[in-house]
Amino acid sequence: MAADGDRKPAKKLNLKENYALLTRGLGWEPSYQKKEDIFRTVDFEGVKIHDWDKWEDPFRLTMDAYWKYQGEKERKLYAIIDAFQQNNGQFNVTDVRYVQALKVFLNGIVGLEYASHRGFNILGRELPGVGPRIAAQMQAIDELRHATTQIHAISHYNRYFEGMAEFPHQFDRVWYLSIPKSFFEDAVASGPFEFIVAISFAFEYVLTNLAFMPWMSGAAFNGDMSTVSFGFSAQSDEARHMTLGIEVIKFLLEQDPANVPLVQKWIDKWFWRGYRLLALLATMMDYMLPKRVMSWSEAWTIYYEENGGALFSDLARYGIKPPKYADVTVKEKHRVSHEMWSVFYTVRDALGFPIWLPSKEEMDWFSEKYPETFDRYYRPRFEYWRELEDKGTPFRSSTLPKLCQVCQWPCLYTEPDDASEFVHRQGEYQGEIFHFCSDGCSDIFHDEPEKYVHAWMPVHQIYQGNCFKEGVDPSAADFNPMAAALDYMGIKPGVDGGSMRDHVDAQRWESWTARPANMHEGAITDAVRKTT
Amino acid sequence: MAVEIRTNGVKPVRNTFGHLARRFGDKPATRYQEIAYDVQPEVNLHYKPLWDPDGEIYDRRRTVVTMRDWYALKDPRQFYYGSYTTTRAKQQDALDRQLDFAEKRDLLRLLPDEVRESIVFALLPLRHYEWGANMSNCHVAAYGYGTAVTQAAIMVTTDRLGMAQHLSRIGLLLDGNTGESLSIGRSLWIDEPLWQGLRREVEALFVTRDWFEVLVAQNLAADGLVYPLFYQQFDQHVAARAGSALSSLTDYLLRWYEETAKWVDATIKTAAAENPENRERISQWFRNWRDRMAQALRPLSQSLLGDASEQALAAVLAQLDARAAKLGLTV
Ligand SMILES: [Fe+2]
Ligand SMILES: [Fe+2]
Ligand SMILES: [Zn+2]
């Protein structure tokens with residue numbers, strides 16, 4: 001620096017220059033330790049990086065700016081959550097079916113935000129460049145924010161409704177929650193590049209709008225100001241995360257042509273994996289929101305077919321093709337939510353939330369939104385089940401379905417070109433037979449069978465006698481394996497699952513709010529009948 | 001409004017989540033408790049991580065320290081994301097006023113050349129020390145067990161990036177925003193013999209795998225010497241010759257250090273008290289890294305403080321040993 005002490009006025013810096021200077025050259029080439037001993041996981045996937053500096057931190061936020069910006073958002077968010085709690089906002093939602101959707105959200109989604117947080121912690125440690133590490137660390141703490149604020153936004157509901165109080169316990173044990181859990185653990189168990197392609201690109205960039213827009217407008221439509229505020233507050237974080245997703249993909253593709261097939265493989269895999277995860281959302285959107293925003297089929301058309309189409313034609317110049325089996329998702333969009341709600345209905349006694357049949361009004365809406373399939377395949381089924389309910393002999397299944405070894409959904413999807421035929425795919429590895437819900441999942445398995453044999457398969461575990469609490473004696477005369485397994489999962493029969501008409505949430509809702517538990521079906525208790 | 005009349009008198013069915021009720025009783029939980037406890041998966045983990053085929057994604061065996069309950073390591077500041085960011089935002093607002101004042105009055109640029117040069121020599125390489133501490137804490141956040149400790153670690157991770165950026169700002173106040181001081185600091189960190197001891201130890205931490213050892217080495221042993229040595233002893237040395245311009249800016253670092261020490265101390269004290277093996281192991285780590293760091297810092301201290309160096313270093317070491325002894329370590 002100028003030793004003569006000549007003091008021109010200090011240069012004015014714009015934001016970009018400021019960021020560049022503050023983080024400039026923070027990293028260095030180690031000379032006392034070998035680089036491969038410091039960063040031990042960047043090489044094994046076979047990705048070739050020649051110049052880490054080409055990957056700039058897309059957020060370009062200095063920490064002070066981050067703290068102020070995020071701190072302000074937090075202040076606003078908690079003001080709304082506080083007001084919601086003081087005013088007992090939980091009673092202003094449309095009806096108690098909406099609360100069941102929140103249970104799926106708390107028990108199934110918070111764990112994903114958390115896993116994302118931990119996955120980005122690992123990247124924040126393991127990526128060799130300064131820019132990528134800062135980007136990963138900021139996303140890591142953002143995802144911690146999401147897990148935190150989701151719990152805080154929903155916590156008040158837990159004080160009034162069943163089925164939320166054991167969300168971490170259930171996330172680790174409940175059979176259908178291993179759908180989301182295995183999805184994210186698959187990503188975190190991968191190498192750093194696969195993780196970031198899976199989460200930042202395939203999930204956040206390609207699919208997140210689909211999770212976000214319909215779900216948050218669904219919360220708004222149904223009067224849940226707490227969840228809506230969380231959602232909109234998280235949206236500006238997501239915008240940053242999506243930017244990271246697209247920049248990472250371009251960086252990998254530009255660094256070396258050898259990366260293209262790897263990236264393509266991961267896009268194919270994680271698109272399919274993400275799509276299967278979203279079947280949970282499809283089911284919530286179509287069946288669990290008392291006031292609907294749009295159908296799953298419409299959402300898929302807009303947010304995947306149209307937006308995704310534009311994205312992949314843009315990536316074509318790198319030699320990237322649209323994800324494999326994208327055509328299957330388009331065929332399935334007329335069916336997934338109906339097929340999955342049917343599964344949930346039949347196994348409702350083994351769920352953490354109660355189930356109901358769609359009302360006449362809702363079925364008419366489905367007929368309009370799903371003209372190709374609803375009246376032909378699902379209406380007759382629901383009407384038949386309704387008849388059995390009215391006769392007092394409701395249909396139920398006492399066995400749990402076989403699960404797909406990869407996505408962990410019950411193997412109850414139908415053939416892409418025939419909605420009356422169930423898909424049956426199986427494969428062999430080291431003398432053992434494995435089952436899959438689809439060609440997409442079968443391909444994923446066969447690419448890395450040694451990984452997927454280590455999936456924790458809840459239904460297999462139950463049948464092998466591994467899902468019982470300590471001290472349970474399976475040889476006892478009155479031993480009931482299903483009851484013991486539900487106990488292990490933290491599902492209380494008669495309290496958590498079952499039918500909405502008999503459910504304690506519904507009864508309490510009516511006595512507290514004097515409004516029907518199901519706004520489409522009229523009251524189920526005298527508490528409402530008397531006043532309406 | 002029939003709804004409101006009725007719902008006003010409604011009593012909750014339960015006051016908190018089951019896992020929190022089992023720990024603290026059925027009473028409303030704090031926002032800190034709602035995220036810090038039990039949210040990390042514990043059982044039925046899927047797959048073997050490709051990056052650690054013998055371990056699991058969340059694995060207690062990534063440190064030799066053992067705890068019956070990892071959630072005993074709670075953060076006395078009770079930081080959750082919202083309270084963390086709003087606290088830092090407020091502190092930053094106050095700091096911005098100091099920085100503004102220093103910039104408008106050219107406080108650092110008006111210092112005598114040799115003082116400015118000694119500040120560049122002493123403080124600008126520490127940007128890289130902070131970046132190293134960022135990496136070490138991110139290691140704890142990545143491989144630690146239980147959200148109580150890992151969420152505090154990711155907050156310290158981002159704090160350390162913030163401290164590196166704050167030191168950069170001090171550099172820009174010295175060089176009139178040219179960035180020249182940052183380049184000088186970087187060359188010193190990489191090539192200057194007096195700085196090599198510290199860089200060697202920082203790199204040694206990068207290949208230390210036991211996350212609890214990294215926590216002790218970085219946040220107790222290394223910071224426990226570096227912070228008081230540079231931001232107290234060296235700062236006083238400058239103040240005696242050139243007034244308190246620099247102190248108004250290093251004060252932020254010291255206050256951050258004192259606040260974070262509450263978390264560091266609580267974590268180490270609780271783990272050491274858990275069982276004699278922990279106490280023995282953590283004490284060994286502490287002594288080892290303290291001695292290595294002290295040795296690395298001695299020549300730097302001599303060059304910065306001259307005759308006052310030995311006394312300053314002894315004071316800093318005595319202070320650190322007293323702190324460690326209070327945490328139950330054998331020093
Ligand atoms: Fe998120
Ligand atoms: Fe995100
Ligand atoms: Zn599948």
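FYI, side chains are in, hydrogens and waters are out, and symmetry mates aren't considered; it's all heavy atoms of this structure. Here is the naming used below: chain letters follow the sequence lines, and residue numbers restart at 1 for every chain.
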Between B:Thr85 and B:Phe79, is the side-chain contact (heavy atoms from CB on, under 4.5 Å) condition met? List the steps. CA-CA 9 Å; B:Thr85 48; B:Phe79 271 159; over 6 Å; no
Let's go through A:Leu144 and A:Asn121 carefully: what are the C-alpha distance in whole Å and the side-chain angles of both, what is the deciding distance for side-chain contact (heavy atoms from CB on, under 4.5 Å) to 0.1 Å, and is it a yes or a no? CA-CA 10 Å; A:Leu144 174 64; A:Asn121 283 353; over 6 Å; no
Could you give me the CA-CA distance, side-chain angles and deciding distance for A:Phe230 and A:His152, then say whether ring-ring contact (aromatic ring centres under 6.0 Å, His included) is met? CA-CA 9 Å; A:Phe230 150 73; A:His152 291 162; over 10 Å; no
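Under 4.0 Å is where a charged nitrogen must lie from a carboxylate oxygen, and between B:Asp113 and B:Arg116 at least one such pair does. Comment: B:Glu203 does not engage B:Arg200 in a salt bridge, judged by the lack of any side-chain N to carboxylate O separation of less than 4.0 angstrom. Between B:Asp26 and B:Arg14, no side-chain nitrogen of the basic residue sits less than 4.0 Å from a carboxylate oxygen of the acidic one, so the salt-bridge criterion is not met.
Of the atoms belonging to A:Thr41, it is side-chain heavy atoms, and not backbone ones, that fall under 4.5 Å from chain B. Contact annotation for A:Glu162: both backbone and side-chain heavy atoms come within less than 4.5 Å of a heavy atom of chain B. Proximity to chain B is limited to the side chain of A:Glu448, based on heavy atoms less than 4.5 angstrom apart. For a residue to count as touching a neighbouring chain, one of its non-hydrogen atoms must lie under 4.5 Å from one of that chain's; by this rule A:Val453 does not touch chain B. No part of A:Leu127 comes within reach of chain B, as not one of its non-hydrogen atoms sits under 4.5 angstrom from that chain. Looking at A:Tyr160, both its backbone and its side chain come within 4.5 Å of chain B, counting heavy atoms on both sides. Looking at B:Arg186, only its side chain comes within 4.5 Å of chain A, counting heavy atoms on both sides. Only the backbone of A:Phe161 comes within contact range of chain B, with at least one heavy atom under 4.5 Å from a heavy atom of that chain. Proximity to chain B is absent for every atom of A:Tyr69, based on heavy atoms less than 4.5 angstrom apart. Contacts of B:Thr16 with chain A are made by backbone atoms alone, with heavy-atom separations under 4.5 Å and no side-chain atom involved. For A:Asp186, the parts lying near chain B are the backbone and the side chain together; criterion is any non-hydrogen pair under 4.5 Å. Residue contact with chain B, scored on non-hydrogen atoms closer than 4.5 Å, involves the side chain of A:His117 exclusively. Heavy atoms closer than 4.5 Å to chain A are found in the side chain of B:Pro28, but not in its backbone. Interface remark: B:Arg22 contributes side-chain atoms only to the contact with chain A (heavy atom separation under 4.5 Å). For A:Ala115, the parts lying under 4.5 angstrom from a heavy atom of chain B are both the backbone and the side chain. For A:Arg508, the part lying under 4.5 angstrom from a heavy atom of chain B is the side chain only. Interface residue B:Arg199: backbone and side-chain heavy atoms are both found under 4.5 Å from chain A. Contact annotation for B:Tyr80: only side-chain heavy atoms (C-beta onward) come within less than 4.5 Å of a heavy atom of chain A. With a 4.5 Å cut-off on non-hydrogen atoms, B:Ala29 does not touch chain A at all.
Ring centroids of A:Tyr114 and A:Phe184 are separated by 6.0 Å or more, keeping the two rings apart. A centroid separation of 6.0 Å or more is found between the aromatic rings of B:Phe206 and B:His139.
Ranking A:His169, A:Glu126, A:Glu72 against chain B, the residue ahead of the rest is A:Glu126, based on heavy-atom pairs under 4.5 Å. Of the listed residues B:Thr86, B:Leu20, B:Ile190, the one with more heavy-atom pairs under 4.5 angstrom with chain A than any other is B:Thr86. Note: A:Ile141 leads A:Thr149, A:Ile141, A:Asn18 in heavy-atom pairs under 4.5 Å with chain B. Per-residue counts of heavy-atom pairs under 4.5 Å with chain B were compared for A:Arg133, A:His156, A:Glu17; the largest is that of A:Arg133. Ranked by heavy-atom pairs shorter than 4.5 Å toward chain A, the options B:Ile57, B:Asp38, B:Val43, B:Ile154 are led by B:Val43. Chain B forms more heavy-atom pairs under 4.5 Å with one residue of A:Pro192, A:Ala20, A:Ser31 than with any other, namely A:Ser31. Ranked by non-hydrogen atom pairs under 4.5 Å with chain A, the options B:Val202, B:Leu167, B:Asn134 are led by B:Asn134. Between chain B and the residues A:Asp37, A:Leu77, A:Ile38, the most heavy-atom pairs under 4.5 angstrom are made by A:Ile38. Ranked by heavy-atom pairs under 4.5 Å with chain A, the first of B:Thr208, B:Asp159, B:Leu173, B:Asn137 is B:Asp159. Taking chain A as the reference chain and counting heavy-atom pairs below 4.5 Å, the highest number among B:Thr157, B:Leu45, B:Leu182 is found for B:Leu45. Per-residue counts of heavy-atom pairs under 4.5 Å with chain B were compared for A:Tyr78, A:Phe171, A:Tyr452; the largest is that of A:Tyr78. Contact count against chain A (heavy-atom pairs under 4.5 Å) is highest for B:Gln165 among B:Gln196, B:Gln165, B:Lys48.
Donor-acceptor pairing under 3.5 Å is recorded for the side chains of A:Lys451 and A:Ser190. Counted by atom type alone, A:Arg118 and B:Gln40 present one or more donor-acceptor pairs between their side chains at under 3.5 Å. Checked by atom type, the side-chain pair A:Gln70/A:Glu74 shows no donor-acceptor distance below 3.5 Å. Checking A:Gln408 against A:Ser178 by side-chain atom types alone, a donor-acceptor pair falls below 3.5 Å. Residues A:Asn88 and A:Gln90 bring a donor and an acceptor atom of their side chains to less than 3.5 Å of each other.
The minimum heavy-atom distance between A:Pro30 and A:Lys35, with the atom names listed, is CG-CG, 4.1 Å.
Taking the side-chain hydrogen bond (donor to acceptor under 3.5 Å, both in side chains) definition, one finds that B:Arg31 meets it with A:Asp82, sequence neighbours left out.
Only one option out of A:Lys76, A:Lys73, A:Arg145 pairs with A:Ser233 in a side-chain hydrogen bond (donor to acceptor under 3.5 Å, both in side chains); it is A:Arg145.
Listed by first then second residue, pairs satisfying salt bridge (charged side-chain N to carboxylate O under 4.0 Å, His left out) with a partner in residues 136-150 of chain B number zero, not counting sequence neighbours.
The main-chain N or O of B:Thr178 is found under 3.5 Å from a side-chain atom of B:Asp175 such that the two form a donor-acceptor pair.
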